[in-house]
Amino acid sequence: MSNNNRWAVPENLPQKMFIDGQWVASSSDRMIDTIDPATGSVIGRFPEANSDDVDRAVASASAALSGEWRATTPAQRGRILARTAALIREQAERLASIETLESGKPIREALGDIETAAGYFEYYAGIADKLQGDSIPLGPDFMSFTVHEPVGVTAHIIPWNFPLVTTARGAAPALAAGCTAVIKPAEQTSLTSLMLGEILCQAGLPAGVCNIITGYGAEAGGALTDHSDVAHVTFTGSVATGKTVMKTAADHVASVTLELGGKSPVVVLADADLDAAVEGTLKAIYLNAGQVCSAGSRLVVDRKIHAAMMERLVPASEAMALGHGLDDAQLGPLISADQLGKVAGYVDGAKARSVSVATGGRLGEVAGMEGGFFYTPTILDDVPLEEKVVQEEIFGPVLCVQVVDSPEQALAVANGTDFGLVAGIYTRDISRALEFARDVDSGQVFINQYFAGGIATPFGGTKQSGFGREKGLAAMASYYRVKCITARLT
Ligand code: NAI
Ligand code: MG
């Protein structure tokens, strides 16, 4: 496979799936092309798994649960995860450039993501041997205590916006708890997750403990979530697919973690540090071209500083150069023609309904990348709360500005969608910030720095943003179950 020399495709990309410690083809022999979204050219291909392949992967994960993995001590599990972190770091540049080629994201962001992926393995490595139960006092005639058991085979359905990092976010705590895993990366971005299969093996993970299958959502993802031997499904993606996953898992009473995106507000009160608020707002909406579940896609700003914010945000947006991720462009392309069409459709619809476009609002044109899926940084100004572009996740570089007259109205507007993933607030008044944090309906609150936190901070949603928590110690609850043992002594 090759594209033009300027953005050379690394050699030896995986072209098979990773099942039971082996590289294997799909039983159908069908393949999926993966493309560079900046140019539209094919950079690689991987198998299109069907339900037979899914059965094979789940059978391998089931067998591994009772084999060598069961005999591996928690401390040994931790050492395998720590070695995985080290191996990811050793290959960080290769992994990042492959992730940039497949996803379009700027290389500095991909390098950050790969480091975070390593960080997940490192963090959960330290937890593997520290999970312990309780003893329950029932008086002298009884002894009662709890043990944590791995839930079993876990399925991980991964989106295309953060390929390796989302894979690591689910796989690392699952393996730390002693579970086994079957991972299905997104059909647009499977290469780095496939590479993780081999890295885990090199780190000493027994065959079958972590299997990686590639394929389309309905066929491969559907068969995986429908499999009766899967005990838990961790899903990140759209609300519609999340509901399907939950219904499918319900048929065999598997638990689910659903991380379904949002329409997160960045609230800027009149007393905010404007420089910090502007910088935070730009990062909130333009990171990964806005294709971030926790993107700050609504700026909820006090009328007193609305003009001052716009005077800075508009020129900063217009100054952002679109380009190839491997050239570390400020803004890369969207993932696909479909996603570009979706984003453009939202903005065109808003324009037709007379929403004011402060900047952008059109396709991006980049010389030499005519086949790419670029969209210009876009700000829609003073958008009513009931507008579709305020209520629905666009998943592109499109910021909706909502103007308010008081902190109370800011809270009401922040809570005014069906989503509840993140809420950010900028104010110098820490009491006000903490009151907002108390009252806002969302899983995370960022005060005076959008995206504050990291691997150790629990992450998940309320309302249509889903439920269950990933990251931090909180994530472990999805991957172990509590068994209570009580003995009568006399
Ligand atoms: P999607 O939710 O359909 O896909 C996410 C993952 O689920 C992929 O691995 C896909 O293959 C898999 N999948 C699809 N259908 C499935 C099924 N029936 N059973 C099991 N797995 C299935 O999202 P898609 O189509 O890639 O993007 C559509 C929209 O979803 C985006 O425009 C964006 O708004 C949102 N989205 C949100 C994400 C987030 O981080 N919360 C990530 C990706 C997309
Ligand atoms: Mg879909």
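Numbering of ligands and ligand atoms starts at 1, following listing order.
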Just say parallel, tilted or perpendicular for the rings of Tyr479 and His232, cut-offs at 30° and 60°. perpendicular
Heavy-atom nearest pair, Leu65 first then Gly178, reads CD1-O, 4.0 Å
To atom 14 (C) of ligand 1, the nearest of Gly217, Gly222, Ala155 on a heavy-atom basis is Gly217
Quick note on ligand 1: atoms under 4.0 Å from a heavy atom of Lys342 include exactly 29 (C), 31 (C), 32 (O), 33 (C), 34 (O)
(message) For ligand 1 and Asn161, I'd like to know whether there is a polar contact (N/O to N/O, distance under 3.5 Å).
(response) yes
Checklist entry - Taking the six-membered ring of Phe162, is the NZ or CZ of Lys105 close enough (under 6.0 Å from the centre) and on axis enough (within 45°)? => result yes
Q) Parallel under 30°, tilted from 30 to 60°, perpendicular over 60°: which one fits the rings of Phe446 and Tyr450? A) perpendicular
Per-atom filter on ligand 1: closer than 4.0 angstrom to a heavy atom of Ala186 are 9 (O)
Closest non-hydrogen contact found for Ala85 with Ala118 is CB-O, 3.3 Å
One finds that the ligand 1 atoms under 4.0 Å from a non-hydrogen atom of Ile158 are 6 (C), 8 (C), 9 (O)
Taking only non-hydrogen atoms of Leu260 and a 4.0 Å limit, the atoms of ligand 1 in range are 41 (N)
The atoms of ligand 1 lying under 4.0 Å from a heavy atom of Ile157, numbered in the order shown, are 6 (C), 7 (O), 9 (O), 12 (C), 21 (N)
**Request:** Anything under 30° is parallel, anything over 60° is perpendicular, the rest tilted; go ahead and classify Phe18 against Trp23.
**Result:** perpendicular
- Backbone or side chain, does any N or O of Thr244 fall under 3.5 Å from an N or O of ligand 1? no
Shortest non-hydrogen pair, Ala57 vs Ile19, comes out as CA-CG2, 3.8 Å
Closest heavy-atom approach to atom 27 (O) of ligand 1 among Phe235, Phe162, Trp160, Tyr216 is made by Trp160
**Asked** For ligand 1, is there an N or O atom under 3.5 Å from any N or O atom of Gln339?
**Response** yes
Going by the 4.0 angstrom heavy-atom rule, the piece of Gln291 near ligand 1 is neither
Residue pair Glu48 / Tyr216, side-chain donor-acceptor N/O under 3.5 Å:
no
Is the closest N or O pair between Gly261 and ligand 1 shorter than 3.5 Å? yes
Would you say Ser26 and Asp53 are linked by a side-chain donor-acceptor pair, where the criterion is simply a distance under 3.5 Å? yes
Heavy-atom proximity to atom 5 (C) of ligand 1 ranks first, among Thr241, Thr225, Thr236, for Thr236
